[in-house]
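For reference, the structure is listed below as structure tokens.
Note that ligands are numbered from 1 as they come in the structure, with each ligand's atoms numbered from 1 the same way. As the structure is a computational prediction, the values presented were derived from the model and not from experiment. Scope of the values below: all heavy atoms of this structure, side chains included, with no hydrogens, waters or symmetry mates. Counting from 1, the numbers follow the sequence of the chain as shown.
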Amino acid sequence: MRAMASINGEIVPLAEARIPALDRGFLFGDAVYEVIRVYRGKPFLFEEHLARLRRSLEAIRIPYTDLDGLRRRVLKLIANYGFREAIIYIQITRGSDVTRHHVFPAKVSPLEFFYVEEFEDNLEPMRQQGVAVITYPDLRWDRCDIKSTNLLANVLAAQAAKEAGAYEALLYLPDGTLLEGSRTSCFGVLGGKLLTAPTTPSILPGITRALVLRLAREQGIAVQERVLRLEDLPQVAELFLTGTTSEILPIICVDGKPIGEGRPGPLTRRLQEAYRRLVSAL
Ligand code: PLP
């Protein structure tokens, strides 16, 4: 896949991009990131992603403020290299010091790294047929609302799903509260209402999640920001994942047990159609 990177404004092919070994993103995961989908050369929900990046930066006190410059550089790279269907990955780290210390460097100079990579969307059959997921304990920290690069618990959950032959792992707390996937938000239909976890520090406020909530309200679908629990699953009529690259992905089976009738449900279909219309109108 064709991919070009930018490190502090210097453009190189992604395969040749190099980050200093003392960078705190590498040493401590002291960094935040975003992933944005580009459709037909146009970044989708770019402003929403930049706003979340700003919130993440502020939450961990990385003094990087050049979001206008970042927006310009990303758009320029997309235009100059003619990217059409692509993914933008952005990471801002707290930068490097002369040696490894946990505390912030005396003079912080953040590192701006991003790349744009061609994206071949091979998820369409799964969007049509639905996917299987597993449940997995949530081993993450208390600030999952910050989109930080500390993703070890997410990595382990995603790997457990893969090894179980599933697309995703739904993370749950010891009391059975279902929060979200390792890299996706989660919605369910229970008692005729569309439910998704509220935006507390326990979940990432998904950009696709917010869009789907808006689309659902526009469609007159009853919505409630409320968590589902493991014990609700046998009564759940529909379940689906949302995410920047997943878009809206029906779940037809959890831990080997069917959801609803074991096929994508009508509300999921309506929302998928509304999503598609929005992207087509870009
Ligand atoms: N939840 C988690 C934990 C994620 O990592 C992601 C995306 O990376 C999402 C939800 C979905 O967020 P978005 O819709 O902004 O892609």
One residue to check: Glu247. Relative to ligand 1, which of side chain, backbone, both or neither has a non-hydrogen atom less than 4.0 Å away? neither
So if I apply the side-chain contact (heavy atoms from CB on, under 4.5 Å) rule between Thr184 and each of Glu168, Arg209, Glu247, which one comes out positive? Glu168
Check each atom of ligand 1 against the heavy atoms of Gly181 and keep those under 4.0 Å away; list them by number with element. 3 (C)
Show your reasoning for whether side-chain hydrogen bond (donor to acceptor under 3.5 Å, both in side chains) applies to Tyr275 and Thr242. CA-CA 11 Å; Tyr275 194 96; Thr242 66; over 6 Å; no
If you have a sec, work out which protein heavy atom is nearest atom 5 (O) of ligand 1 and how many Å separate them, to one decimal? Arg183 CA, 3.5 Å
Could an N or O of ligand 1 be found under 3.5 Å from any N or O of Arg209, whether backbone or side chain? no
Looking only at side chains, do Gln219 and Arg270 share a donor and an acceptor under 3.5 Å apart? yes
Nearest non-hydrogen protein atom, atom 14 (O) of ligand 1: Thr208 OG1, 2.6 Å
For atom 1 (N) of ligand 1, which protein heavy atom lies nearest, and how many Å away is it? Glu180 OE1, 2.6 Å
Atom 10 (C) of ligand 1: nearest protein contact (heavy atom, Å): Thr184 C, 3.3 Å
Please list the nearest protein heavy atom to atom 8 (O) of ligand 1 with its residue and the distance rounded to 0.1 Å. Lys147 NZ, 2.8 Å
The answer for which part of Cys144 has a heavy atom under 4.0 Å from ligand 1 is neither
Among Thr244, Leu278, Val38, find the one that has a side-chain contact (heavy atoms from CB on, under 4.5 Å) with Phe44. Leu278
Any luck finding a side-chain donor-acceptor pair between Ser182 and Tyr136 under 3.5 Å? no
Passes salt bridge (charged side-chain N to carboxylate O under 4.0 Å, His left out), Arg269 versus Glu273? Steps please. CA-CA 6 Å; Arg269 286 285 184 241; Glu273 280 159 26; over 6 Å; no
Just need the protein heavy atom nearest to atom 16 (O) of ligand 1, so name the residue and atom and give the distance. Thr244 OG1, 2.6 Å
Do we see a donor-acceptor contact under 3.5 Å between the side chains of Tyr89 and Glu117? no
List ligand 1 atoms under 4.0 Å from Ser182, heavy atoms only on the residue side. 3 (C), 5 (O)
Atoms of ligand 1 less than 4.0 Å from Arg140 heavy atoms? 3 (C)
Could Arg183 and Tyr167 be counted as a cation-pi pair, given that NZ or CZ must be under 6.0 Å from the ring centre and within 45° of the axis? yes
In the protein, what heavy atom is nearest to atom 12 (O) of ligand 1, and what distance, to one decimal place, separates them? Gly206 CA, 3.6 Å
Counting heavy atoms under 4.0 Å, the part of Ile207 that contacts ligand 1 is both
Tested for side chain to side chain donor-acceptor pair (under 3.5 Å) against His49, the lone hit among Glu34, Lys147, Arg54, Arg37 is Glu34
